[in-house]
Amino acid sequence: MAFQYKEQVKYVTPQIDELNEKLKQLDQKNKIKRAFFKKSEALQTTIAAIIIAVDFWMFVFAFSSIGSSGQIHTMHPAGKAILFVLSFLLLLASIVFFRWSIESKKDRPIIENLEKQLIYEKSHLSDKIKVQYDDGEVHFYDDGQYVSDGESCLLVPDGTIYHYYMGCFIHWKPEQQKTVLDKGWLFVDKKRAIEEGFKECKLCAENIKPDKEKYERMLASPEHEVFKLIGASGEECQDNLRLIYNDPEGYVGTMLTCNNVSTTEDKEKWQIYDKYGILRVGSLPKKIIDNYPYYLGRAYIFIKEIIEDEEGFLTAYCYIDMRHHSYKMWKLI
């Protein structure tokens, strides 16, 4: 077999490694104080009060001592000097204690935040897609990322097609998906893959085309539909539409993205964003959702026109491609 998975692999997790390193650096600042200041604040306050009280009385007894008869006697100079030194050292200790306490309070929320991030990254690592390189390193990627250097591709050893998109395997049958879910993709030289008889994935080839080519191809097909954008009456949506409307490149043909947002009030609310997934500009109408049973996370949606009334209110009409199979089942089974 020309391509094979390596048995001995190294998992590369930059986000997790970075978080672990930050936590390690904070912990190494002083292990003793880090361990101590994990205790309750009440204990810290009690210890601080004891140090201050002892230090105060040492200063008092450095000047005088009280006899059993209640009369004040002058302390021996040597004893007074010792008490002065001890009280001074205790004062330094209390200063160090308070400085550590302040540092600990500053570090605590930072550490808690890092620990939360670490838990999140580890729990979501299984959601990412593995890619094994020639050196045996395995990196993790989101399903929307793709190989863009033009010289490399993704494949599985027992396949016949090479790909660019990390999540392209989601369109496969469940038994075929298992290989990528378990072991990941192999990252290989595209020229070598072609020499070994692998063919280019038509879906991936379509997805990496420039937006303009996708737009022209869609309009050339009779299987596209025009719909009126809904939920764009809010001030936020109107502002975002206006940003698209004022785009110096022109709004016609601007590509949008579509995400499914499930809430307790609305189980199927498909929100539409700008092409970078940042500005929410509205939602799909129900007739599109009802007639289109697939997950629209990668749907091609382009603005056909934006109409502005006398009061400055914007209404957007969009194209949605009902033909291209890149929409189908963007969901891990």
Side-chain angles (χ1 to χ4, degrees), residues 5-45 96-149 152 154 156 163-170 177-188 257 259-263 271 273-280 295 297-298 330-333:
Y5 291 107
K6 291 179 172 59
E7 295 300 325
Q8 300 296 326
V9 299
K10 174 187 177 184
Y11 290 97
V12 179
T13 54
Q15 294 90 346
I16 292 176
D17 294 343
E18 183 181 352
L19 291 170
N20 279 324
E21 182 61 28
K22 287 180 179 178
L23 284 169
K24 183 180 177 182
Q25 289 175 359
L26 283 172
D27 190 59
Q28 287 179 342
K29 286 172 67 175
N30 190 309
K31 290 187 177 181
I32 296 176
K33 76 176 180 182
R34 291 245 45 82
F36 176 77
F37 284 105
K38 284 182 180 178
K39 305 297 182 182
S40 66
E41 291 190 12
L43 177 61
Q44 295 178 34
T45 304
V96 171
F97 179 89
F98 282 113
R99 184 171 64 83
W100 282 6
S101 181
I102 292 171
E103 288 179 357
S104 176
K105 288 179 180 178
K106 288 181 180 179
D107 287 348
R108 190 178 296 124
I110 297 174
I111 291 172
E112 290 176 354
N113 184 48
L114 289 173
E115 288 175 342
K116 287 180 181 178
Q117 290 181 49
L118 192 60
I119 292 172
Y120 176 86
E121 288 293 339
K122 287 182 177 179
S123 64
H124 284 72
L125 200 61
S126 59
D127 299 334
K128 294 182 179 292
I129 298 163
K130 297 190 284 286
V131 177
Q132 186 178 123
Y133 290 81
D134 287 339
D135 57 5
E137 287 189 346
V138 174
H139 294 245
F140 295 80
Y141 297 95
D142 295 323
D143 66 352
Q145 292 179 275
Y146 63 95
V147 178
S148 59
D149 62 5
S152 308
L154 307 167
V156 292
H163 305 262
Y164 305 117
Y165 265 86
M166 300 292 170
C168 192
F169 73 97
I170 299 173
Q177 293 179 10
K178 193 174 186 303
T179 302
V180 179
L181 289 172
D182 291 345
K183 295 188 175 182
W185 295 104
L186 287 180
F187 185 89
V188 303
T257 60
N259 294 324
N260 173 235
V261 179
S262 296
T263 65
Q271 295 184 343
Y273 296 79
D274 71 350
K275 65 181 293 183
Y276 303 106
I278 299 173
L279 301 172
R280 188 173 79 83
Y295 180 70
R298 299 294 186 276
W330 274 85
K331 180 180 179 182
L332 287 173
I333 299 175

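Values below: every heavy atom of this structure, side chains too, minus hydrogens, waters and symmetry copies. Residue indices begin at 1 and follow the sequence shown.
Aromatic rings of Y133 and F187 (six-membered ring for Trp) have centroids within the 6.0 Å cut-off, being under it.
Of the possible polar contacts, one joining the K130 side chain to the L181 backbone as a donor-acceptor pair under 3.5 Å is found. Remark: side-chain polar atoms of Y5 are paired, donor with acceptor, to backbone N or O of G184 under 3.5 angstrom.
In this structure, OG1 in T179 is found 10.5 Å from CZ in F169, a value given to the nearest 0.5 Å. Here the CG-CD distance, from N20 to E115, works out to 10.5 Å after rounding to the nearest 0.5 Å. If you take CG on D142 and NE2 on H124, they are separated by 10.5 Å, rounding to the nearest 0.5 Å. Distance check: T13 OG1 to H139 NE2 gives 10.0 Å after rounding to the nearest 0.5 Å. Distance NZ/K122 to CD1/I16: 6.5 Å, rounded to 0.5 Å. With rounding to the nearest 0.5 Å, the separation of CD in Q15 from NZ in K128 is 6.0 Å.
Minimum interatomic distance between M166 and V131 (heavy atoms only, all atoms of both residues): SD-CG2, 3.6 Å. Between K6 and D135, the shortest heavy-atom contact is CD-C, 4.4 Å.
Between Y164 and L154 the shortest side-chain heavy-atom distance does not fall below 4.5 Å. Q132 has its side chain out of reach of W185: every pair of non-hydrogen atoms, C-beta onward, lies at least 4.5 Å apart.
Taking a 6.0 Å sphere around OH of Y141, one finds it holds more than 12 heavy atoms contributed by other residues, nucleotides or ligands.
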